[in-house]
Amino acid sequence: MKFNGNSDIDKQILIFSFYRDAELRGARLLFNLLSHLKGGEAQLKMSRHLADETRHAWLWTKRIADLGGAPIMIDDGYQRRLGLRTGVPKSVIELLALTVVVEERAQNRYQAHAALPNVDEATREVLKAVTEDEAWHLSWIEREMRMLAQAEGNERRADEALERYRAIDREVWATLSADEAEMMRA
C-alpha cells in the first residue's frame with residue numbers, strides 16, 4: 001500500500017480504508033465459517049452477521065466516497081497480519097475463537113476512534129452503527145463457541161483458543177498501530 005496524502009481528509013480516507021479492509025476480510029472469514037455451522041439457529045445468526053460485516057464495509061466505503069475519495073487497497077492490514085500469525089484454524093472452535101478476537105479488536109478500535117476529539121458527525125454515526133453491531137456479534141459467536149466446546153466435553157478448549165488468539169492479537173495490534181501512527185505523521 002502506498003500513501004502519499006497528508007491532508008486531514010487523506011488521512012481519514014486511509015484509516016477508513018483500513019476499517020473497510022478489516023470488515024471485508026472479516027466477511028470472508030464468516031463466509032467460510034457458514035459451511036462449518038450446521039444448526040439452523042447458527043445459520044440464521046451467521047447469515048445476519050455476514051450481512052452486517054458487508055454492510056459495515058459499505059458504510060466505510062460510502063464514508064470515503066462522501067469525503068471525495070476512493071478506498072485505498074490495504075494489503076497489510078489487521079486481518080492479513082493476524083492471519084499470517086495465526087495460520088489456518090484447525091477446528092470450528094478455533095475459528096469461532098478467532099472471530100471473537102477479531103470482533104473484540106473491531107469494537108475496541110471503533111470505540112477508541114469515537115472517543116477522539118473532533119470526530120465529525122458523519123463519521124461518528126458510522127462508528128456508532130458498527131459498534132452497536134459488534135456487541136451482538138461478540139455475544140452470539142462466543143456463546144456458540146462455548147456451546148460447541150461443551151458439547152465436545154472440553155470447555156477449556158474455547159478458553160485456550162481465546163487466550164492464544166488474544167496474545168497474537170496484542171502483538172499484531174502493537175505493530176499495526178505503530179505503523180498506522182507513522183503513516184499519519186508522514
Side-chain angles (χ1 to χ4, degrees), residues 18-60 74-115 125-178 180:
F18 271 99
Y19 294 171
R20 176 183 179 271
D21 177 73
E23 296 290 354
L24 288 171
R25 290 179 191 262
R28 183 181 308 141
L29 176 70
L30 293 175
F31 187 76
N32 292 336
L33 189 52
L34 261 172
S35 65
H36 297 286
L37 296 177
K38 306 297 183 199
E41 186 68 22
Q43 285 289 310
L44 289 170
K45 289 178 180 175
M46 182 59 70
S47 295
R48 175 181 163 198
H49 191 158
L50 180 58
D52 286 348
E53 296 296 319
T54 56
R55 183 175 54 82
H56 295 173
W58 166 245
L59 290 172
W60 290 120
I74 306 295
D75 49 354
D76 192 30
Y78 170 75
Q79 294 263 13
R80 172 128 170 84
R81 291 181 187 202
L82 189 66
L84 288 172
R85 288 290 315 281
T86 64
V88 177
K90 293 171 182 59
S91 70
V92 174
I93 290 174
E94 285 188 5
L95 195 50
L96 290 167
L98 180 59
T99 304
V100 167
V101 170
V102 166
E103 295 290 343
E104 287 171 340
R105 176 57 60 201
Q107 185 178 50
N108 291 337
R109 190 167 193 195
Y110 294 149
Q111 287 171 336
H113 189 145
E125 286 177 24
V126 174
L127 289 165
K128 181 178 184 243
V130 296
T131 301
E132 287 172 356
D133 289 341
E134 301 303 347
W136 177 77
H137 298 167
L138 277 165
S139 172
W140 97 264
I141 286 286
E142 185 162 358
R143 195 169 46 252
E144 184 74 15
M145 175 193 64
R146 293 190 180 286
M147 186 179 72
L148 288 173
Q150 184 178 32
E152 290 180 3
N154 189 356
E155 293 179 60
R156 181 74 188 126
R157 189 168 171 211
D159 292 324
E160 290 167 353
L162 285 171
E163 288 169 16
R164 177 175 169 257
Y165 289 137
R166 284 177 177 147
I168 294 169
D169 164 78
R170 285 189 297 274
E171 294 170 12
V172 167
W173 178 244
T175 62
L176 180 64
S177 61
E180 284 181 2

**Item:** Residues which pass side-chain hydrogen bond (donor to acceptor under 3.5 Å, both in side chains) with S91, listed by chain and number, not counting sequence neighbours
**Value:** R157
**Item:** Atom pair CG/CG of L84 and D76 - distance to nearest 0.5 Å
**Value:** 8.0 Å
**Message:** With rounding to the nearest 0.5 angstrom, report the OG1 to CD distance, T54 to E23.
**Reply:** 9.5 Å
**Request:** Hey, could you give me each pair passing ring pair (Phe, Tyr, Trp, His ring centres under 6.0 Å) that has a residue in residues 158-178? Not counting sequence neighbours.
**Result:** none
**Message:** For W58, give me all partners under side-chain hydrogen bond (donor to acceptor under 3.5 Å, both in side chains), at least two apart in sequence or on another chain.
**Reply:** none
**Atom pair CH2 (W140) and CZ (R48), whose distance is rounded to the nearest 0.5 Å** = 10.5 Å
**Item:** Working for side chain to side chain contact (heavy atoms under 4.5 Å, CB included), residues R105 and L82
**Value:** CA-CA 11 Å; R105 176 57 60 201; L82 189 66; over 6 Å; no
**Prompt:** Among all residues two or more places apart in sequence or in another chain, which pass the side chain to side chain contact (heavy atoms under 4.5 Å, CB included) test with Q111?
**Reply:** Q107, N108, T131
**Request:** Could you pull out all residues at least two apart from R80 that satisfy side-chain hydrogen bond (donor to acceptor under 3.5 Å, both in side chains)?
**Result:** none
**Request:** Report the residues that fulfil salt bridge (charged side-chain N to carboxylate O under 4.0 Å, His left out) with R109, sequence neighbours left out, ordered by chain and then residue number.
**Result:** E180
**Request:** Would you please name every residue forming a side chain to side chain contact (heavy atoms under 4.5 Å, CB included) with Q150, sequence neighbours left out?
**Result:** E155
**Prompt:** Are R81 and E171 close enough for a salt bridge, meaning some N to O gap below 4.0 Å?
**Reply:** no
**Asked** Taking only residues two or more places apart in sequence or in another chain, which ones pass ring-ring contact (aromatic ring centres under 6.0 Å, His included) with H137?
**Response** H49, H56
**Prompt:** In Å, rounded to the nearest 0.5 Å, how long is the span from CZ of R20 to CZ of R25?
**Reply:** 10.5 Å
**Message:** Give me the atom names and distance for the closest heavy-atom approach of A174 to S177.
**Reply:** O-OG, 3.3 Å
**Request:** Would you name the heavy atoms of L59 and A129 that are closest together and state the gap between them?
**Result:** CD1-CB, 4.3 Å
**Request:** Output the distance between atom OG1 (T99) and atom CE (M46), rounded to the nearest 0.5 Å.
**Result:** 6.5 Å
**Asked** Looking at residues at least two apart in the chain, or sitting in another chain, which of them share a side chain to side chain contact (heavy atoms under 4.5 Å, CB included) with L127?
**Response** Y19, W60, Y110, H113, A114, V119, T123
**Request:** Under the side chain to side chain contact (heavy atoms under 4.5 Å, CB included) rule, collect the residues that match up with R166, sequence neighbours excluded.
**Result:** V100, V101, E104, L162, R170
**Item:** Side chain to side chain, R143 and M147, heavy atoms closer than 4.5 Å
**Value:** no
**Message:** Between E160 and R164 (salt bridge meaning N to carboxylate O under 4.0 Å), is one present in this structure?
**Reply:** no
Under 3.5 Å, sequence neighbours excluded: what are the donor-acceptor pairs made by side chains of residues 26-38?
from: N32; atom 1: ND2; to: R28; atom 2: O; distance (Å): 3.4
from: S35; atom 1: OG; to: N32; atom 2: O; distance (Å): 3.1
from: K38; atom 1: NZ; to: S35; atom 2: O; distance (Å): 2.5

**Request:** Identify the heavy atoms of E144 and A42 that sit nearest to each other, and give their distance.
**Result:** OE2-CB, 3.7 Å
**Request:** Over all heavy atoms of both residues, which pair between A57 and L24 is shortest? Give the atoms and the distance, please.
**Result:** CB-CD2, 3.5 Å
**Request:** Output, in order, the C-alpha distance, side-chain angles, deciding distance and verdict of side chain to side chain contact (heavy atoms under 4.5 Å, CB included) for Y78 and D169.
**Result:** CA-CA 9 Å; Y78 170 75; D169 164 78; 2.6 Å; yes
**Atom of A149, atom of I93 and distance for their closest heavy-atom approach** = CA-CD1, 3.4 Å
**Message:** Tell me the closest heavy-atom pair linking L96 and I141, and the distance in Å.
**Reply:** O-CG2, 3.5 Å
**Request:** Could you tell me which residues satisfy side-chain hydrogen bond (donor to acceptor under 3.5 Å, both in side chains) with R146, sequence neighbours excluded, listed by chain and number?
**Result:** E142, D159
